[in-house]
Amino acid sequence: MITNKIFNLPYQINRVILPLESNYAQFGDLLVTIGQVVKKNQGLTRSNINSNSFVTLHAPISGIISKIDYLPTLSSLGTLDKLTKVLSIEISKVTESNDFINKDNIKPNINILNPTDLLNIINQSGIIGLGGAGFPTSQKLANKNIEILIINAMECEPPISVDNNLIINYSSNIISGIEILNKILKPKKIVIAIKESYLDAINILRSVINIKQSDILIQTFPSNYPNGYSKSLIKLVTNKELGENKHGSDYGVICLNPATVYAIEQAVNYNQPLTDRLVTISGDLIHTPGNYILPIGTCIKNIIDAFNIDINSSFNIRIGGEYMGYELFNSNNKAHLDNIDYLNSISIEKTTQAISINNNQNKFIKKYSPCIKCGYCEDICPMSLLPQQLYWFGQNVSQDKNLDILNDYNLNSCIECGLCDTVCPSNIPLTSIFKNLKTEVKYNYYKNNNAKLAKLRSDFKEKRNNDNNKKAANDNNIDKKSLLASALRLAKNKSLQK
Amino acid sequence: MINLIYTISIIIFILSIITYSLLTIHKYFKTNDSDIVEKINSYLPQTQCGQCNYPGCKPYAIAISNNEVDINRCPPGGQETIDNLANLLNLPAKSLSKDLKPINNIPIVAKINESECIGCLLCIKACPVDAIIGANKLMHTVISSQCTGCELCVDPCPMSCITMIDNPIPIKYNYK
């Protein structure tokens, strides 16, 4: 059972590794070079509010920039193939321990700030959605015409309990964060959607709302999976079903989770940029499971060391929840064991919610057999897709035809929740197959689109060349005739003068 | 005797009806030559690289439709294109012709080293898809999102300042 306390990692973190790119967010151009001394909370990149996918990145610890390198990161989604530019900062004895202080560290008066200033502060503080997707919050909040703001405290995957913890410990901060959001968005309705089972959190929120006398609604929902997914939650709260490739903002709804709201509050009220986050660390091998406050960029190896886990024993590391998360490391996997150094370079990102480190012995290894067309996956799919059909057409994906069929069956609406995996009596790893298919479809679309454009351009060039040739030929003819005529005219004139 | 004449005339009558109907069907449902060319062309990768010894993808498609050339002469398309063409034209699938160099799967794009460029327009004339911009005696540059990686601009450059680099945009993930 995870307690409500917030822990610090029992380990001195001497080195952080910061990727310059997250899932949806990019952290802009670097402002620092190798060898430069940086202090905690100092901005490392230049952000730009106008191109909103750029948010500022801050130094989580004081130290020296030791390396700028291309390495695999967590946000490359469980693959080790894609490399991202990363910064590493190491603590050395030269660096002073005092933090970087902003020019105006005085608590700004919220009443003076207008929405654009607030958005600017949020952008400059490097805040992105802390729930997993990592969409830049300033971009999300820049939407006009938002009617409903939903605070999504529905975290529905088993080990994650970050939001519950934050609400219990920092409820008044979160409520004042919501008031800041109210100032920016001016929604008609603010709803805190929370799990029925979080009784303590609900009580604390109720009392704080009573004291502050704000008109924030608290709605409780059963803790079914995947109610915490924004699309499912929007359907629960507003009864609106989001279409394919649509976001909540298209329907006037915005979802933010308490961790993001807390970060916004800290940024606006205390000038504290986003440099730490709460991460749920759990599993068989963790003797004190709980929510730990970690500097962003903490290496996975440091966490393993902090809990005295033997690197040679048989264990696995899972990033994220039980369903949507993925296995980062498994000592049964030979490819992982051969490149064990990558644990040294992969680090916690702003979007990492949970880590679980488990013994391999307790893990049930599933063998999969052919699909028997039972249709259980179709009953359970929260997006009402037909996983069985998708699987069938995904088998011979190399043919163009099947890719079109997959699009017809709305492959892109799959939210990768993993429910079809769990109900499948044949143990087919459907979700990972769909993930692969999605990238295949995307890649093919990209390729075909490029071919189409290239064809258009080459046709145009051919046509232009032909036209030019024709024109040149015509010009030549005209030139000869006109020259002849003018010469004749000159000769005539001369003869007349004589 | 008269029976035989009846039989023959009836047979001739039926045959003429069948012939006439077949001719009309042929007239109305005739496959257009340009349709086949378009179909073949749609399976080609449109890099316009000319490695098939034709000046572009469309001329190669025309040549295939006229049975002048084999279908296995397109290195950028790879085995996928050959298989698709074999399916379309009811031909046996082959592997890539041996005198051609197969291309590895990583997409490549041209990059001009702009400090060395003298603005001679030669690469612009060579580019089949207008992916290079620039003007006479001014620096040229490649629009990398529209470059097909055909390498046709590399040879004409007098300063040899054009190199091919990996195209970083499309990534195929491999989930476990």
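Proteins get letters first, then strands, A, B, ... in listed order; numbering begins at 1 in each.
Residue contact with chain A, scored on non-hydrogen atoms closer than 4.5 Å, is absent for B/D83.
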Any chance you could lay out the side-chain contact (heavy atoms from CB on, under 4.5 Å) test for B/I133 and B/I143, step after step, and finish with the verdict?
-> CA-CA 7 Å; B/I133 49 173; B/I143 310 170; 4.1 Å; yes
Could you walk me through whether B/I82 and B/S95 pass the side-chain contact (heavy atoms from CB on, under 4.5 Å) test, one step at a time?
-> CA-CA 8 Å; B/I82 296 172; B/S95 56; over 6 Å; no
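Between chain A and the residues B/C127, B/C57, B/A131, the most heavy-atom pairs under 4.5 angstrom are made by B/C127.
Side chain of A/T351 to backbone of A/G134: no donor-acceptor contact under 3.5 angstrom is found.
Under the 4.0 Å criterion applied to side-chain N and carboxylate O atoms, B/D130 and A/R464 are assigned as salt-bridge partners.
Aromatic ring centres of A/F329 and A/F315: separated by under 6.0 Å. Between A/F393 and A/Y409, the ring center distance clears the sub-6.0 Å criterion.
Residues of residues 111-124 of chain B having a heavy atom under 4.5 Å from any heavy atom of chain A, listed by number: B/I124.
For B/K39, the NZ atom sits in a loose shell: 12 or fewer heavy atoms of surrounding residues, nucleotides or ligands are nearer than 6.0 Å.
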